Asker: 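One structure follows; several queries about it will come next.
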Amino acid sequence: MAFTLMPLPYDAEALAPAITAETFGYHHGKHHQAYVDKTNAAIEGTANADASLEAIIAASRGSDAGLFNNSAQTWNHGFYWHSLAPATSGPSGDLADKIDASFGSLDALKEELKSKGAGHFASGWVWLAEKGGKLEVVDTHDADTLADSSDYNPLLVIDLWEHAYYLDHQNARPGYLSAVVDGHLNWDFAADNLARGSTWTYPA
Ligand code: MN
């Protein structure tokens with residue numbers, strides 16, 4: 001089964017100026033496409049040819065760096081597109097309760113996402129994730145992912161690679177993080193992931 005580049009769940013202009021259509025053009029149209037293509041090329045004719053993306057990530061972790069990096073990046077980018085939204089309404093219900101219980105307040109969670117994201121060295125991802133009923137902000141390096149984690153259920157992710165923000169914010173990663181965290185996180189997606197209680201799956 002070949003994987004496909006999932007369409008963006010909003011118009012490419014919808015998050016400007018935080019993330020412009022030019023960035024989405026390269027990030028979605030070139031970077032994500034390349035991860036999908038390289039994953040498909042690596043699994044063709046192998047035992048992984050009909051496996052789910054999540055199973056491929058788990059099977060290649062620690063044993064096949066090329067396949068792991070491309071399959072994990074395919075998954076991470078799909079999860080990232082869904083973690084963003086043109087407008088944000090803020091968390092409610094069980095998600096809001098767990099944010100207050102875990103961080104003290106929504107503002108404290110936002111500050112932790114910004115500070116951990118800004119402090120992360122080089123490329124990677126910053127996540128909001130649930131573990132044992134509590135929410136945590138965690139970061140992963142390069143292509144590393146929570147997609148196959150047995151501990152964490154990822155709720156949201158923000159891409160920290162320079163290709164995510166350089167065209168719009170140049171070297172100012174904190175400016176990108178503030179624009180995304182304050183204005184463009186998809187709290188409905190986070191609430192869906194929390195309510196499901198199991199990890200989101202990449203569309204087949
Ligand atoms: Mn990226």
Side-chain angles (χ1 to χ4, degrees), residues 3-42 53-54 56-57 60-61 65-86 113-129 137-149 152 154-186 189-190 193 199-203:
F3 297 100
T4 57
L5 179 68
M6 67 164 66
L8 288 175
Y10 31 73
D11 290 339
E13 304 82 16
L15 279 76
I19 302 173
T20 62
E22 185 182 21
T23 288
F24 278 121
Y26 286 101
H27 199 180
H28 176 257
K30 303 294 185 187
H31 289 277
H32 195 187
Q33 182 73 66
Y35 296 128
V36 170
D37 291 346
K38 288 175 183 176
T39 298
N40 287 334
L53 189 59
E54 293 77 21
I56 292 168
I57 293 167
S60 61
R61 178 184 286 279
L67 180 56
F68 176 79
N69 287 335
N70 284 297
S71 59
Q73 285 292 79
T74 296
W75 195 97
N76 288 347
H77 283 86
F79 195 78
Y80 172 58
W81 310 137
H82 285 280
S83 295
L84 303 174
L113 284 167
K114 293 174 191 175
S115 61
K116 187 154 283 195
H120 179 94
F121 184 75
S123 295
W125 302 83
V126 63
W127 309 76
L128 174 65
V137 172
V138 298
D139 55 343
T140 60
H141 284 276
D142 299 323
D144 200 8
T145 182
L146 299 185
D148 60 331
S149 173
Y152 287 103
L155 306 184
L156 293 172
V157 77
I158 302 171
D159 193 335
L160 302 176
W161 289 54
E162 286 185 347
H163 65 224
Y165 60 86
Y166 226 84
L167 289 175
D168 301 324
H169 303 272
Q170 293 73 53
N171 61 317
R173 189 191 288 175
Y176 156 73
L177 286 166
S178 288
V180 167
V181 169
D182 290 333
H184 297 292
L185 286 181
N186 188 344
F189 181 60
N193 291 327
T199 299
W200 179 84
T201 54
Y202 191 90

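Bear in mind that the values here come from a model prediction, so they are computed numbers and not experimental data. Each ligand, and each atom within it, is numbered from 1 in the order the structure gives.
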Asker: Using ring centroids (six-membered ring only for Trp), state whether H27 and W81 fall under 6.0 Å.
Answerer: yes

Asker: Provide the protein N, O or S atoms situated under 2.8 Å from the Mn ion (ligand 1); waters are not included.
Answerer: H27 NE2, H77 NE2, D159 OD2, H163 NE2

Asker: For D139, give me all partners under salt bridge (charged side-chain N to carboxylate O under 4.0 Å, His left out), at least two apart in sequence or on another chain.
Answerer: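 Checked D139 against salt bridge (charged side-chain N to carboxylate O under 4.0 Å, His left out); zero matches.
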
Asker: Does Y10 have any ring-ring contact (aromatic ring centres under 6.0 Å, His included) partners at least two apart in sequence or in another chain, and if so, which?
Answerer: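 So Y10 forms a ring-ring contact (aromatic ring centres under 6.0 Å, His included) with F24.
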
Asker: Kindly assign one of parallel, tilted or perpendicular to the pair W161 and H163, based on the angle between their ring planes and the thresholds 30° and 60°.
Answerer: parallel

Asker: Do the two ring centres, one from H77 and one from W125, sit under 6.0 Å apart?
Answerer: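 For H77 and W125, the ring centres are under 6.0 Å apart.
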
Asker: So, using ring-ring contact (aromatic ring centres under 6.0 Å, His included) as the criterion, who are the partners of H184 when residues are at least two apart?
Answerer: none

